[in-house]
Amino acid sequence: MHFQENESVTMVRQMVRDFAEKHIRPDMMVWDESQTFPIEVFKGLGELGLMGVLVPENYGGSGFGYYEYAAAIEELAKVCGSVGLSMAAHNSLCTGHIMQFGNEDQKQRWLPKLASAEWIGAWGLTEANTGSDALRMKCVAHKDGNEWVLNGAKNWITHGISGDIAVVLARTGDLLDSHGITAFVVERGTPGFSGGKKENKLGMRASETAEMIFEDCRIPEENVLGNIGDGFIQAMKVLDGGRISIASLSLGIAKGAYEAALKYSKEREQFGKPISNFQAIAFKLADMATKIEAAELLIQESCDLKTRVKT
Amino acid sequence: MAKYYASEVSVYCANEAVQIFGGYGYTKDFPVEKFYRDCKLCTIGEGTSEIQKLVISRAILKD
Ligand SMILES: Cc1cc2nc3c(=O)[nH]c(=O)nc-3n(C[C@H](O)[C@H](O)[C@H](O)COP(=O)(O)OP(=O)(O)OC[C@H]3O[C@@H](n4cnc5c(N)ncnc54)[C@H](O)[C@@H]3O)c2cc1C
Ligand SMILES: Cc1cc2nc3c(=O)[nH]c(=O)nc-3n(C[C@H](O)[C@H](O)[C@H](O)COP(=O)(O)OP(=O)(O)OC[C@H]3O[C@@H](n4cnc5c(N)ncnc54)[C@H](O)[C@@H]3O)c2cc1C
């Protein structure tokens, strides 16, 4: 990318690169093989302010914008996609939801813990039978006095077992009613809330993906985020921001793969010359570089939009 | 558009990178096999590529 990068973006990039070389690269294949979620890495990222990248400083965050956020995820993903994904889910989804839709008390209560990585965050929308079609969710919450009683399960949740806090979307109205879903904050240790099956995945194996189970789980009224019935609309907005993070995650992986291939193609010799001398290989590199550049421009544009129309 | 495009680019690049590495790309001694496995999440998580296209096409077709 040939735009002049903001100084703080360059600083974040360098900080993440150093951290990843020191604390991620040496052990990442071990975590990958054994599907270990390396919680200490996230505590370390917390110390660098990367677990509350977008959180304002008065709530214990770094107060950065989307450019810094995108750069941090990209640099993590160049080394290890799993760490990038977990960092993105913690920041964009769980923390992002509380930051955008929590009231002042809720923000004071939870954001500092999330931003420092004292607590790892999870965000539960998906269920076993409802992925793309999230409106059909079965997880329900009923009002009982000044508490809500949550029943059901969420699947495919990043940090479903290890998360200390979860934002959970549950039905409080009619099936398929986009105003029939509400967002609740559930803290680990709440009776009736437990972790379930952990998925055994193709990739992103160091990022924990698991089930969250709710059995007559009682949640106080003050843990409702925003208005009753606004949960689905909130979730769609949270995902809008989250998509910049998945785009950056993608860009990091693409660059990591491209850079490794570029280097290898100059070193590997066949038929008496480096394979990069063969047009078949050189054209592959040209296509990769072009697509990466285009993806990066789209992400830059999204960051720009997100920065200018900040809500 | 950024999410849809970038995620497809990551799958494209990881695939080509493994090809450039030849047999070595198919092993855990080089990082490209991990990129190849990890990248696939990007076209699925937080809205699959098909759902992104649904959102994009709705936006360009409205009015
Ligand atoms: C590693 C990982 C981490 C995740 N983390 C979280 C998390 O933290 N929180 C959370 O809530 N969820 C999480 N998810 C779930 C993720 O958001 C879903 O997997 C995703 O939304 C897709 O849903 P699905 O897997 O049920 O696929 P489905 O919705 O069953 O889709 C299957 C296929 O059908 C296609 N399809 C579906 N509907 C349509 C349509 N209308 N038109 C055309 N094609 C369609 C899809 O594009 C896809 O190709 C995670 C998933 C993974 C793999
Ligand atoms: C699972 C597995 C099992 C195998 N089993 C056997 C076996 O039983 N017996 C055996 O003998 N071998 C075996 N092999 C080796 C296999 O045949 C080689 O991996 C294959 O021939 C490619 O060689 P390479 O990996 O050294 O890649 P390279 O030759 O280094 O190629 C790297 C890249 O450069 C490209 N390239 C190379 N030369 C040119 C050129 N002139 N023009 C354009 N592009 C070029 C290639 O297409 C590739 O994309 C096995 C490999 C694997 C992965």
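Numbered from 1 within each chain, the chains take letters A, B, ... in sequence-line order. This structure is a prediction, so every number in the text was calculated from the model and none was measured.
What you find for B:A6 and A:I299 is that their closest heavy atoms are CB-CD1, 4.2 Å. Closest of all the heavy-atom pairs between B:I20 and A:I281 is CG1-CD1, 4.1 Å. Residues A:S250 and B:S10 come closest through the heavy atom pair O-CB, 3.2 Å. Closest non-hydrogen pair, A:A295 versus B:Y5, comes out as N-CE2, 3.6 Å. Between A:I246 and B:C42, the closest heavy-atom pair is CG2-O, 3.8 Å. Nearest heavy-atom pair, B:A17 versus A:A257, reported as atom, atom and distance to 0.1 Å: CB-O, 3.5 Å.
Interface residue A:L202: backbone and side-chain heavy atoms are both found under 4.5 Å from chain B. A:K263 does not touch chain B: none of its heavy atoms, backbone or side chain, sits under 4.5 Å away. Looking at B:Y24, only its side chain comes within 4.5 Å of chain A, counting heavy atoms on both sides. Contact of A:I244 with chain B is not made at all, since no heavy-atom distance falls under 4.5 Å. If you measure heavy-atom distances from A:M29 to chain B, the contacts under 4.5 Å come from the side chain alone. Contacts between B:V32 and chain A at a heavy-atom distance below 4.5 Å involve the side chain alone, from C-beta outward. With a 4.5 angstrom heavy-atom cutoff, A:L85 touches chain B only via side-chain atoms. At a 4.5 Å heavy-atom cutoff, A:A280 makes no contact with chain B through either its backbone or its side chain.
In this structure, B:F30 and A:Y264 have perpendicular ring planes: the angle between them is above 60°, well past the 30° mark.
The side-chain heavy atoms of B:E16 and A:Y258, taken from C-beta on, include no pair separated by under 4.5 Å. For the pair B:L41 and A:L249, the minimum side-chain heavy-atom distance is below 4.5 Å. With a 4.5 Å cut-off on side-chain heavy atoms, B:F21 and A:R268 do not count as touching. For the pair A:K255 and B:C13, the minimum side-chain heavy-atom distance is 4.5 Å or more.
By number of non-hydrogen pairs under 4.5 angstrom with chain B, the leading residue of A:I275, A:L251, A:L93, A:L125 is A:L93. Note on B:D38, B:N15, B:V18, B:I44: by heavy-atom pairs under 4.5 Å with chain A, the leading option is B:D38. Among A:M288, A:Q270, A:M28, the residue with the largest count of heavy-atom pairs under 4.5 Å with chain B is A:M288. Ranked by heavy-atom pairs under 4.5 Å with chain B, the list A:S302, A:S265, A:G242 is led by A:G242. Counting heavy-atom pairs closer than 4.5 Å to chain B, the top residue among A:A77, A:S207, A:A261, A:S276 is A:A261.
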- [ ] Kindly indicate, with the supporting measurements, whether the criterion side-chain contact (heavy atoms from CB on, under 4.5 Å) is fulfilled by B:K34 and A:C80.
- [x] CA-CA 8 Å; B:K34 184 169 182 295; A:C80 179; 3.2 Å; yes
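Ion pairing of A:D32 with B:R37 is present here, as a side-chain N (NZ or NE/NH1/NH2) and a carboxylate O approach within less than 4.0 Å. A salt bridge is defined here as a Lys NZ or Arg NE, NH1 or NH2 lying under 4.0 Å from an Asp or Glu carboxylate O, and B:E46 with A:R243 fails to meet this definition. Of the charged side-chain nitrogens involved, at least one lies within less than 4.0 Å of a carboxylate oxygen, so that B:K28 and A:E33 count as a salt-bridged pair.
Under a cut-off of 6.0 angstrom, the local environment of CZ in A:R136 is sparse, with at most 12 non-hydrogen atoms contributed by other residues, nucleotides or ligands. A 6.0 Å sphere centred on OH of B:Y36 holds no more than 12 heavy atoms belonging to other residues, nucleotides or ligands. With a 6.0 Å radius and a threshold of 12 heavy atoms from other residues, nucleotides or ligands, A:F278 has its CZ atom above the threshold. Applying the 6.0 Å contact sphere to NZ of A:K237 captures no more than 12 heavy atoms from other residues, nucleotides or ligands. Environment of CD in A:E267: crowded, with over 12 heavy atoms of neighbouring residues, nucleotides or ligands closer than 6.0 Å.
Contact annotation for residues 48-60 of chain B against chain A (heavy-atom separation below 4.5 Å, listed by residue number): B:T48, B:I51, B:Q52.
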